[in-house]
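Worksheet: one structure, shown below.
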Amino acid sequence: MSLFEDELHYTIATRLEKRDALIEAGHEPYPYRFQRTHYNQDLHTQYDALESGVETEDVVRLAGRIMAIRNNGMFLDLHDTSGKIQAFCHKESLDEDLLAILKLLDVGDMVGVEGSIRRTPRGELSVRVKRFEILCKALLQLPEKYHGLTDVEVRYRQRYLDLIVNEDSRHTLRQRSKIVSAMRRYLDDKGYMEVETPMLHPIAGGASANPFVTHHYSLDQEMCLRIAPELYLKRLIVGGLSDKVFEINRCFRNEGISTRHNPEFTSIELYEAYSDYNDMMSLTETLVQVACLAIHGDLKVEYGDKTLDFIGPWKRASMVDLVTEHSGVDFLPLSEEEARQKANDLGVYVEPTDSWGKVVEAVFAEKVEAHLIQPTHVIDLPRDISPLSKVHRHVARLSERFETYINGWEIANAFSELSDPLDQKARFEDQMKERASGDSEAQPMDEDYVNALGYGLPPTGGLGLGIDRLVMLLTNSPSIRDVILFPTLKVKH
RNA sequence: GCGUCCAUAGCUCAGCGGUAGAGCAGUCCCCUUUUAAGGGAAAGGUCCUGAGUUCGAAUCUCAGUGGACGCACCA
């Protein structure tokens with residue numbers, strides 16, 4: 001239903017008539033404020049012991065949305081953000097003029113009520129309404145109360161409607177907020193400094209992904225929406241703004257949409273000087289645990305038909321060992337050419353130009369990922385697919401990088417940050433070669449970043465953690481769109 | 001980008017070649033201790049859009065639009 005039709009729906013026309021009738025009777029349908037004394041949930045807590053059939057003299061003022069009307073207006077279900085309470089509008093408790101206005105109320109309207117607390121003989125805590133005022137006349141009809149709104153397209157396009165009607169959606173999205181706030185509070189308490197780095201980047205660096213490209217008119221310059229804040233955050237470590245910085249915000253990647261991908265998604269990225277990737281592993285566990293405890297009070301959660309156990313320490317295994325375990329092939333000693341051949345033998349498609357690391361990654365994705373249900377740190381990723389991380393301190397082919405997997409999904413990615421400016425320059429140059437040979441996601445050279453390293457980045461551990469996926473896992477949500485307030489959708493014509 | 005499925009009243013759904021149905025919501029009437037309140041009456045539709053097949057299309061075919069899921073890409 002829409003207010004932008006040539007001919008308004010008959011239910012809208014009816015409500016417009018009621019709106020006019022309210023004005024006629026001297027009731028402003030869109031007033032400015034209402035002083036309330038309680039949230040509904042406060043009353044349920046406060047009057048928990050009140051016995052059925054008991055009337056009190058305690059006067060309260062409540063405000064909320066009418067979600068149901070029964071018995072010709074005698075009973076209203078009044079919902080506020082905390083919960084529901086029944087408003088009891090007995091004709092003997094209301095003046096004539098208010099009784100007349102009662103007929104002009106609809107499900108969906110916002111009202112403020114004043115009255116005394118009572119519990120009905122059937123046990124429903126209620127407010128016996130002595131006075132009420134309309135706080136907002138709703139013109140559009142809400143979806144049916146019993147089945148609610150199930151059309152996922154409408155739920156995503158008109159999230160406000162979904163939130164009004166579906167308790168589950170409200171719950172999940174509120175839990176998201178609690179999760180983010182708990183992690184932020186933890187980092188704050190531990191002395192990490194929250195910062196905001198640019199969202200508009202001249203060069204989209206810090207990850208391998210396709211950016212959204214836009215244009216700044218007065219600078220007459222191409223800009224990208226950031227794909228990761230990484231390179232700016234490490235510049236702050238170089239500058240010594242703080243030895244511990246973090247940013248919780250959006251990244252944008254111009255790639256496919258799925259139940260686990262939204263073009264804009266939220267990550268927490270943090271960098272800590274004088275630390276390495278081992279420290280980041282512990283921190284990853286702690287952050288996920290903090291998030292989990294914030295909404296569950298427990299470290300085991302149900303996701304679909306699985307139980308995820310976040311109690312630490314989590315399993316740690318190197319990527320090549322996991323590949324060996326699940327494919328029977330040890331790629332570590334193989335040449336690039338042998339690796340490609342073995343991948344093909346395993347039925348894993350690889351490009352003839354793929355590097356050793358890309359081959360290992362491809363086999364890992366195909367053979368291992370789906371098995372990593374319980375939290376697992378996959379450590380020591382190939383060096384050639386990790387252009388921003390330090391070379392492994394013992395194995396030259398590997399890097400000090402790990403990805404954390406839960407339920408088969410990558411949740412976190414972290415490294416001992418590469419601090420050697422000459423090595424970094426060489427890595428970017430390798431990436432540029434891959435870019436030239438057709439890999440649009442290879443990372444572009446960022447000369448200023450290399451120069452920043454030239455002034456000195458201390459040993460630093462860095463971590464990126466995908467908030468949306470974590471929230472999915474912790475709230476048992478099957479789609480990333482369920483945990484994003486306004487997921488990206490195609491415009492409907 | 002590819003494949004499969006979905007789109008009918010405000011909402012939730014049935015109907016699947018023979019002129020459009022239910023429940024809930026809305027309207028009117030009855031009912032002032034109900035809570036998916038109840039009883040009665042009337043109303044409400046470009047069956048997503050366009051083309052085709054057919055005597056006849058919500059129904060079959062093709063194309064388009066939007067969505068869901070899977071694959072690819074990726075986090």
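Predicted model only: the values in this text are computed from it and were never measured. Only this structure's heavy atoms are used, side chains among them; waters, hydrogens and symmetry mates stay out. Lettering of chains follows the sequences in order, A, B, ..., and the numbering in each one begins at 1.
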Distance between C1' atoms of B/rU19 and B/rU46 (Å, rounded): 16 Å
Touch class at under 4.0 angstrom, heavy-atom based, for A/R119 against every strand present: nothing
Between B/rG38 and B/rG56 - P atom distance, rounded Å: 46 Å
Sugar-phosphate only, base, or nothing, as touched by A/N413 at under 4.0 Å among non-hydrogen atoms: nothing
Nearest-neighbour nucleotide for the A/F265 side chain, B/rC11, B/rG67, B/rA75 considered: B/rA75
Touch class at under 4.0 angstrom, heavy-atom based, for A/S267 against every strand present: nothing
Residue A/E255, side-chain heavy atoms: nucleotide from B/rA68, B/rA75, B/rA36 that is nearest: B/rA75
Sugar-phosphate only, base, or nothing, as touched by A/N254 at under 4.0 Å among non-hydrogen atoms: nothing
Gap between atom CD of A/E133 and atom CD1 of A/I101 - 0.5 Å precision: 12.0 Å
Test: A/D468 and A/R176 ion pair at under 4.0 Å: yes
Test item: A/R469 side-chain N/O and A/R260 main-chain N/O as donor-acceptor pair under 3.5 Å: yes
Sugar-phosphate, base or nothing in reach of A/L489, heavy atoms under 4.0 Å: sugar-phosphate
Side chain of A/R469 - closest among B/rU12, B/rA75, B/rU33: B/rA75
Between B/rA68 and B/rU33 - C1' atom distance, rounded Å: 45 Å
Any donor-acceptor N or O pair under 3.5 Å, side chains A/H377, A/E285: yes
Steps toward side chain to side chain contact (heavy atoms under 4.5 Å, CB included) verdict (A/R383, A/R427): CA-CA 10 Å; A/R383 167 191 166 155; A/R427 305 281 197 104; 4.0 Å; yes
Sugar-phosphate, base or nothing in reach of A/R157, heavy atoms under 4.0 Å: sugar-phosphate
Separation between the C1' atoms of B/rC11 and B/rA25, rounded to whole Å: 7 Å
Span that lies between the P atom of B/rU8 and that of B/rA14, in whole angstrom: 10 Å
Exam field: side chain A/S399 to backbone A/L381, donor-acceptor pair closer than 3.5 Å: yes
Side chain of A/Q86 - closest among B/rA43, B/rU35, B/rG67: B/rU35
Most 5' of A/Y156 and A/L99 on RNA chain B, judged by nearest nucleotide: A/L99
Sugar-phosphate only, base, or nothing, as touched by A/G256 at under 4.0 Å among non-hydrogen atoms: base
Pair A/R481-A/N262, side-chain donor/acceptor within less than 3.5 Å: no
Check: A/S82/A/Q41 side-chain N/O donor and acceptor closer than 3.5 Å: no
B/rA9 and B/rA58, which share atom name C1', separated by this distance in whole Å: 14 Å
Distance-only polar pair, side chains of A/D482 and A/Y156, donor-acceptor under 3.5 Å: yes
Pairwise C1' distance, B/rC24 and B/rU35 [rounded to whole Å]: 15 Å
N/O (side chain, A/T150) to phosphate O (OP1/OP2, B/rU12) under 4.0 Å: yes
Phosphate-side-chain proximity, A/K84 and B/rU35, N/O vs OP1/OP2 below 4.0 Å: no
is_close_aromatic(A/Y405, A/W314), centroid dist under 6.0 Å: no
A/R340/A/D354 salt bridge by N-O under 4.0 Å criterion: no
Spacing of CD1 belonging to A/I227 relative to CZ belonging to A/F252, to within rounding of 0.5 Å: 12.5 Å
Out of B/rG26, B/rC11, B/rG70, whichever nucleotide has its closest atom nearest the side chain of A/P143: B/rC11
Parallel, tilted or perpendicular: ring planes of A/Y232 versus A/H201, cut at 30 and 60 degrees: tilted
Nucleic acid footprint by protein, nucleotides 37-42 of chain B - heavy-atom cut-off 4.0 Å, B for base, S for sugar-phosphate alone: B-----
OP1 or OP2 of B/rG10 under 4.0 Å from side-chain N/O of A/H9: yes
Nucleotide nearest A/E410 (side chain, heavy atoms from C-beta), chosen from B/rU35, B/rA75, B/rU33: B/rA75
Touch class at under 4.0 angstrom, heavy-atom based, for A/G73 against every strand present: nothing
Given B/rU33, B/rC69, B/rC11, the nucleotide with the shortest approach to the side chain of A/E144: B/rC11
Residue A/H371 excluded, over 12 heavy atoms near NE2 under 6.0 Å: yes
Shortest side-chain distance from A/D106, nucleotide among B/rC24, B/rG26, B/rC13: B/rG26
Positions of residues 474-485 of chain A (non-hydrogen atom under 4.0 Å from RNA chain B), listed by number: A/S479, A/R481
Nucleotide nearest A/T120 when distance is taken to its side chain, options B/rU35, B/rG44, B/rC69: B/rU35
From B/rG66, B/rG70, B/rU27, nucleotide with atom closest to A/K490 side chain: B/rG66
P spacing across the pair B/rC30 / B/rG21, given as an integer number of angstrom: 30 Å
Pairing pattern in dot-bracket form [Watson-Crick, G-U; both distances under 3.5 Å; | = partner strand] for RNA chain B: (((((((..((((....[..))))..((((.......))))......(((((..]....))))))))))))....
Sugar-phosphate, base or nothing in reach of A/S258, heavy atoms under 4.0 Å: nothing
Sugar-phosphate only, base, or nothing, as touched by A/K18 at under 4.0 Å among non-hydrogen atoms: sugar-phosphate
Under 3.5 Å side-chain donor-acceptor pair for A/E417 and A/T460: no
